[in-house]
Amino acid sequence: MARESIDERRVFLSTLPAGRGERRLALAVVLVSLGIFVVAMPFAKVPLGQVWAFIPIYQSAFAVNDLITAILLFGQFSILRSRALLALASGYLFTAFMAVAHGLTFPGLFAPTGLLGAGPQTTAWLYMFWHGGFPLLVIAYAGLKDDERAPGGPRGRPGVAVLSSVTAALVAALGVTLLATAGQGALPAIMRGNNYTPAMISVVSTVWALSLLALVVLWRRRPHSVLDLWLMVVLCAWLFDIALAAVLNQGRFDLGFYAGRMYGLLAASFVLVVLLLENGMLYARLAAAHDGERRERERAEQKSAELMAANKELEAFSYSVSHDLRAPLRAMDGFARMLDEDYGERLDAEGRRLTGVVRKSSQRMGSLIDDLLAFSRLGRQALRTERVHVDEIVAETLEELRGAAEGRPIDFRVGQLGAAEADPALLRQALTNLLGNAIKFTRGRTPAVVEVGCRSAAETG
């Protein structure tokens with residue numbers, strides 16, 4: 001059962017070990033991203049046109065991608081109860097909230113200085129909080145994974161944990177947004193118009209270092225799952241995003257600004273794509289399992305129908321055999337009775353004894369036929385249980401077998417049996433077989449004792 005539980009858990013990206021194929025694909029994506037980054041580096045400061053529609057399109061796509069990813073991860077948490085997944089889902093939800101706040105406060109997009117009481121430093125600081133918060137939650141995810149190597153997770157209602165995480169992510173996003181708007185005067189100036197100030201270097205270097213630290217921590221937490229692998233790809237794209245959009249470029253609306261945000265959008269898409277592919281595979285497996293169950297059910301119904309047909313044929317055969325066997329037995333018993341009644345006085349003692357043997361043998365043969373019919377009905381007819389007095393059935397059975405026990409050194413001792421739920425006919429048949437065998441195999445002069453009673457569970461061990 002434990003092995004089956006582990007195998008069932010490994011259908012998820014967060015528990016499925018990364019294979020060679022996944023590693024090669026992830027490495028190829030990182031190398032292609034690195035190649036594009038190296039090509040774009042010398043041109044990062046080249047100014048480009050101010051495409052204002054790019055900002056809301058990018059922020060909307062980013063927020064939607066991260067929101068869907070968070071929902072899927074929360075869904076996996078509700079199944080696996082993994083605190084690591086809860087932290088990671090909260091990280092994606094935090095970035096979705098921050099993308100919305102960043103777009104609303106972008107200067108010149110919805111208002112000259114942005115909405116929400118934004119100032120000239122608000123959007124840049126929101127970018128820093130945004131790109132610094134996610135790596136911290138990835139580090140939390142990597143640290144919490146070590147506590148969950150064994151099956152099982154935190155107990156409690158998953159809905160409460162999810163609601164608490166959503167609330168925490170929202171409060172954190174509102175807190176840093178409030179700091180970047182109402183408290184912007186307490187923050188160092190990192191923007192001068194659309195260009196960066198010297199203070200930007202130290203701030204953005206810290207944010208970039210957090211992403212690198214998260215990548216290293218995640219790399220060191222082995223073995224890697226498929227989710228770990230693609231999170232490392234996300235962090236690599238995150239590093240390229242920060243480098244192009246906030247380190248190597250000159251300011252807003254240059255090539256580095258646009259290229260960095262494209263890396264950010266790709267970073268928001270990698271885990272989402274693999275999660276959606278995972279969901280598709282799970283649905284395919286569910287459909288295959290359902291189809292297999294349907295086929296098994298149809299085969300079982302077909303076998304059941306064949307068995308019922310065979311049972312009917314067997315029952316018809318049993319009754320036919322019973323009828324054919326009873327006819328000569330009735331003739332034998334009838335003629336033996338007539339012979340005993342009409343000519344008994346003319347027969348000597350041996351003749352009368354042999355006549356009795358014939359009658360008893362025919363009656364015994366009839367009992368054997370009844371046993372055969374009762375056995376053939378076993379498993380084909382439902383038990384008809386009722387409250388029966390076992391003492392009475394035992395007494396009646398012994399009375400029927402008394403003739404067979406004559407002349408044999410056997411003593412039946414019957415205890416207090418009480419009542420029970422049973423099929424009277426089958427119980428009587430079982431007692432007849434058991435007691436009949438006791439009589440049949442008791443020979444010689446050594447007395448035998450057959451006890452009929454009941455024992456408690458403690459007595460039987």
Side-chain angles (χ1 to χ4, degrees), residues 32-63 95 98-116 118-135 176-177 179-181 184-212 215 234-268:
V32 171
S33 301
L34 178 62
I36 297 175
F37 172 76
V38 171
V39 172
M41 282 177 54
F43 308 99
K45 297 181 180 180
V46 175
L48 298 177
Q50 298 183 0
V51 183
W52 292 101
F54 174 81
I55 304 301
I57 293 173
Y58 163 76
Q59 301 288 19
S60 299
F62 195 101
T95 60
M98 293 303 298
V100 174
H102 186 271
L104 293 176
T105 60
F106 198 89
L109 186 60
F110 298 104
T113 59
L115 301 177
L116 306 179
Q121 309 300 320
T122 298
T123 304
W125 273 107
L126 286 178
Y127 180 90
M128 300 304 161
F129 293 139
W130 170 11
H131 286 71
F134 180 74
V176 295
T177 301
L179 177 62
T181 52
Q184 60 183 303
L187 298 173
I190 56 177
M191 291 297 297
R192 185 180 297 112
N194 285 335
N195 298 320
Y196 304 143
T197 66
M200 171 66 89
I201 300 300
S202 59
V203 175
V204 75
S205 297
T206 302
V207 174
W208 191 87
L210 283 175
S211 295
L212 181 60
L215 178 61
V234 168
L235 290 171
C236 290
W238 207 254
L239 291 171
F240 299 148
D241 171 12
I242 298 172
L244 287 173
V247 177
L248 301 175
N249 68 328
Q250 187 68 34
R252 295 189 179 112
F253 300 111
D254 56 16
L255 188 142
F257 173 85
Y258 287 112
R261 276 154 177 77
M262 294 307 298
Y263 271 109
L265 186 58
L266 287 175

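Predicted, not measured: the structure shown is a model, and the values here were computed from it.
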Residues 47-58 side chain polar contacts: donor-acceptor under 3.5 Å, at least two apart:
none

Nearest heavy-atom neighbours spanning Ala237 and Ala267:
CB-CB, 3.8 Å

Which residues pass the side-chain hydrogen bond (donor to acceptor under 3.5 Å, both in side chains) test with Thr177, not counting sequence neighbours?
none

In terms of heavy-atom contacts, Pro107 and Thr123 come closest through CD-OG1, 3.3 Å

Run the side chain to side chain contact (heavy atoms under 4.5 Å, CB included) test on Gln59 and Val100 for me, step by step, so that the C-alpha distance in whole Å, both residues' side-chain angles and the decisive distance to 0.1 Å come before the verdict.
CA-CA 7 Å; Gln59 301 288 19; Val100 174; over 6 Å; no

So CH2 of Trp238 and NE2 of His131: to nearest 0.5 Å the spacing works out to 4.5 Å

The test is side chain to side chain contact (heavy atoms under 4.5 Å, CB included); show your working for Val204 and Tyr196 and say whether it passes.
CA-CA 11 Å; Val204 75; Tyr196 304 143; over 6 Å; no

Does Ala118 have any side chain to side chain contact (heavy atoms under 4.5 Å, CB included) partners at least two apart in sequence or in another chain, and if so, which?
Thr105, Thr122

Within 6.0 angstrom of Phe110 CZ, more than 12 heavy atoms from elsewhere
yes

Between Ile242 and Ser211, does a side chain to side chain contact (heavy atoms under 4.5 Å, CB included) hold up when you go through it step by step?
CA-CA 9 Å; Ile242 298 172; Ser211 295; 3.7 Å; yes

Let me know which of Tyr127, Phe134, Trp130 forms a ring pair (Phe, Tyr, Trp, His ring centres under 6.0 Å) with Phe62.
Trp130

All side-chain hydrogen bond (donor to acceptor under 3.5 Å, both in side chains) counterparts of Gln121, not counting sequence neighbours
none

Drop me the distance from Met128's CE to Leu187's CG, to the nearest 0.5 angstrom.
11.5 Å

Measure across Cys236 and Leu215 and return the closest heavy-atom pair with its distance rounded to 0.1 Å.
SG-CD2, 4.0 Å

Roughly how far apart are Asn195 CG and Met200 CE, rounded to 0.5 Å?
10.5 Å

On a heavy-atom basis, which atom in Met191 and which in Ala124 lie closest, and how many Å separate them?
CG-CB, 3.3 Å

Roughly how far apart are Asp241 CG and Leu265 CG, rounded to 0.5 Å?
10.0 Å

Indicate yes or no for a side-chain donor-acceptor contact from Trp125 to the backbone of Pro188 under 3.5 Å, with no hydrogens or angles considered.
yes

Can you sort out the partners of Leu34 under side chain to side chain contact (heavy atoms under 4.5 Å, CB included), two or more places apart, ordered by chain and number?
Phe37, Val38, Phe240

Keeping Asn249 on the side-chain end and Ala245 on the backbone end, is there a donor-acceptor pair under 3.5 Å?
yes

Measuring from atom CG of Asp254 to atom CG of Leu248, what distance do you get when rounded to the nearest 0.5 angstrom?
10.0 Å

Please test Leu239 against Tyr263 for side chain to side chain contact (heavy atoms under 4.5 Å, CB included), starting from the C-alpha separation and ending with a verdict.
CA-CA 9 Å; Leu239 291 171; Tyr263 271 109; over 6 Å; no

Do the ring planes of Phe257 and Phe106 sit parallel (below 30°), tilted (30 to 60°) or perpendicular (above 60°)?
tilted

Going by side-chain hydrogen bond (donor to acceptor under 3.5 Å, both in side chains), name the residues that satisfy it together with Arg252, two or more places apart in sequence or in a different chain.
Asn194

